[in-house]
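The residues of the chain are indexed from 1 along the displayed sequence.
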Amino acid sequence: MVDALFGVPRLAAVYDALDPDRGDLEHYAAIVREFGAGRVLDVGCGTGELSCLLAGAGVDVTGVDPAAASLEVARGKEFADRVRWLHGDATTLPALRVELALMTGNVAQVFLTTEEWAATVHGVHQALEPGGRFVFETRIPARRGWEEWTRENTHQVREINGETVEVWTDLVEVRLPYVTFRATYNFSSDGAVLTSDSTLWFRERDEVEQSLTAAGFAVDDVREAPDRPGKEYVFVARKL
């Protein structure tokens, strides 16, 4: 299932404006340069910010996402015509041979069963050329980041496309390793109130490493996210 904030057209249309600080993407662009990757797969590309950033730098990018509404937004951006957009996920990819696969944001945590995650990792493994790398981030459970997901900490009001949009997040349930939260959107033009519920799987580092090893990867490095020091693991795995 696609969360409403990605799958409902009205919410997908305001997603970027409500999360304008994407300094994390430059971190991933730097990783692409570090490994000299010319062919990149962006798994869970969403509204296409990273895919278009890389395409603008001359990288051959394939962006895949299960949310059609988000892909529609992505296709309207600068350099979008240089990206190969796919509606689906890592388990539905056509034959590919990429040098690097990326998953940014919360993508690696939206798979809520061992089977879903294993299928996703397998799909990425199949798309990579031998020696290709899989780089993604997950939040560190011990940091308990969900404690900040309250209306007090997340409330914002922005002018978007000629109307005022008010949004905030409420923590719904913590049943570790799963955490559920709800985003609420209030649109001034017609008074519409839309909500989007999301659940993330907070896995420990050793669990993630074991899953990668079982799928045929070597974990070369586990880094810190420069934009969120001490809050996230950044895994760098290599296809054997």
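Considering CG of Leu50 and OG1 of Thr47, their distance stands at 10.5 Å, rounded to 0.5 Å. Remark: Glu173 CD to Arg182 CZ distance equals 11.0 Å, nearest 0.5 Å. Here the OG1 atom belonging to Thr113 is positioned 3.5 Å from the CD atom belonging to Glu116, to the nearest 0.5 angstrom. In this structure, the separation between CZ on Arg158 and CG on Leu18 is 6.5 Å, given to the nearest 0.5 Å. To the nearest 0.5 angstrom, Asn106 atom CG is 8.0 Å from Ser198 atom OG. Annotation: the span from Asp197 atom CG to Asp3 atom CG amounts to 8.0 Å, rounded to 0.5 Å.
Residues in residues 20-43 take part in no ring-ring contact (aromatic ring centres under 6.0 Å, His included) pair, two or more places apart or across chains. Residues in residues 50-64 take part in these side-chain hydrogen bond (donor to acceptor under 3.5 Å, both in side chains) pairs, two or more places apart or across chains: Asp42-Ser51.
Checked by atom type and distance alone, the side chain of Arg238 never pairs as donor or acceptor with a backbone atom of Phe217 at under 3.5 Å. A donor-acceptor contact shorter than 3.5 Å links the side chain of Lys239 to the backbone of His125. The main-chain N or O of Leu5 is found under 3.5 Å from a side-chain atom of Ser196 such that the two form a donor-acceptor pair.
Of all heavy-atom pairs between Val8 and Ala69, the closest is C-CB, 4.1 Å. Across Ala29 and Leu53, no two heavy atoms sit closer than the pair CB-CD2, 4.1 Å. Pairing each heavy atom of Ala55 with each of Val61, the nearest pair is N-CG2, 3.8 Å. What you find for Ala218 and Leu240 is that their closest heavy atoms are CB-CD2, 3.7 Å. Between Cys45 and Gly63, the shortest heavy-atom contact is SG-C, 3.6 Å. Taking every heavy atom of both residues into account, Asp65 and Leu71 meet most closely at O-CD1, 3.5 Å.
Hydrophobic clustering (side-chain heavy atoms under 4.5 Å, transitive across Ile, Leu, Val, Met, Phe, Trp, Tyr) keeps Val167 apart from Val73. Linking ILVMFWY residues whenever their side-chain heavy atoms come closer than 4.5 Å, directly or via other members, places Val64 and Val121 in the same cluster. No path of Ile, Leu, Val, Met, Phe, Trp and Tyr side chains, each step under 4.5 Å between heavy atoms, connects Tyr15 with Trp85, placing them in separate hydrophobic clusters. Follow the hydrophobic side-chain contacts under 4.5 Å out from Leu93 and you never reach Val59; the two are in separate clusters. Under a hydrophobic clustering in which Ile, Leu, Val, Met, Phe, Trp and Tyr are joined whenever their side-chain heavy atoms come within less than 4.5 Å, directly or via other members, Val208 and Val219 fall into the same cluster.
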Check residues 96-104 and write down every donor-acceptor pair under 3.5 Å in which the side-chain atom is one partner and the other belongs to a residue at least two apart or another chain.
unit_1	atom_1	unit_2	atom_2	d
Arg97	NH1	Gln126	O	2.7
Glu99	OE1	Gly38	N	2.7
Glu99	OE1	Arg39	N	2.8

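A heavy-atom distance below 4.5 Å is found between the side chains of Thr199 and Leu112. The shortest side-chain heavy-atom distance between Arg228 and Glu137 falls under the 4.5 Å cut-off. Side-chain atoms of Arg133 and Leu128, non-hydrogen and from C-beta on, never get closer than 4.5 Å to each other. In this structure the side chain of Val157 never reaches within 4.5 angstrom of the side chain of Val165, judged on heavy atoms. Looking only at side-chain heavy atoms (C-beta outward), Phe187 and Val14 come within less than 4.5 Å of each other. For the pair Phe235 and Asp221, the minimum side-chain heavy-atom distance is 4.5 Å or more. Ser188 places none of its side-chain heavy atoms less than 4.5 Å from the side chain of Glu159. With contacts defined as side-chain heavy-atom distances shorter than 4.5 Å, the pair Phe202/Tyr178 does not qualify.
Listed by chain and number, the residues in a side-chain hydrogen bond (donor to acceptor under 3.5 Å, both in side chains) with Asp21 amount to none (sequence neighbours excluded). Thr91 pairs by the side-chain hydrogen bond (donor to acceptor under 3.5 Å, both in side chains) definition with Asp89, not counting sequence neighbours. For Arg10, the salt bridge (charged side-chain N to carboxylate O under 4.0 Å, His left out) partners at least two apart in sequence or on another chain are Glu163, Asp190. Checked against salt bridge (charged side-chain N to carboxylate O under 4.0 Å, His left out), Asp24 has the following partners two or more places apart in sequence or in another chain: Arg22. Checked against side chain to side chain contact (heavy atoms under 4.5 Å, CB included), Val174 has the following partners two or more places apart in sequence or in another chain: Trp146, Leu171, Leu176, Val179. Among residues two or more places apart in sequence or in another chain, the side chain to side chain contact (heavy atoms under 4.5 Å, CB included) test is passed with Glu224 by Pro229. In terms of the salt bridge (charged side-chain N to carboxylate O under 4.0 Å, His left out) criterion, Asp170 has no residue partners (sequence neighbours excluded). Every residue two or more places apart in sequence or in another chain that forms a salt bridge (charged side-chain N to carboxylate O under 4.0 Å, His left out) with Lys77 is listed here: Asp16, Glu49. Every residue two or more places apart in sequence or in another chain was checked for a side-chain hydrogen bond (donor to acceptor under 3.5 Å, both in side chains) with Gln210, and none qualifies.
Using a cutoff of 4.0 Å between basic side-chain nitrogens and carboxylate oxygens, Glu34 and Arg223 are scored as salt-bridged. Using a 4.0 Å cut-off between a side-chain N of Lys or Arg and a carboxylate O of Asp or Glu, Arg33 and Glu26 qualify as a salt bridge.
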**Item:** From CA spacing to verdict: side chain to side chain contact (heavy atoms under 4.5 Å, CB included), Val32, Leu54
**Value:** CA-CA 8 Å; Val32 173; Leu54 296 177; 3.9 Å; yes

**Request:** Take Thr164 and Glu166, measure what side chain to side chain contact (heavy atoms under 4.5 Å, CB included) needs, and give me the verdict at the end.
**Result:** CA-CA 7 Å; Thr164 300; Glu166 180 185 21; 5.5 Å; no

**Request:** Mind running side chain to side chain contact (heavy atoms under 4.5 Å, CB included) on Ile140 and Glu204 for me, showing each step along the way?
**Result:** CA-CA 7 Å; Ile140 300 174; Glu204 299 293 344; over 6 Å; no

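In this structure, a donor-acceptor pair under 3.5 Å is absent between the side chains of Gln109 and Thr138. No side-chain donor from either of Thr154 and Trp149 sits under 3.5 Å from a side-chain acceptor of the other.
Using cut-offs of 30° and 60° on the angle between ring planes, the pair Phe136 and Phe134 is tilted.
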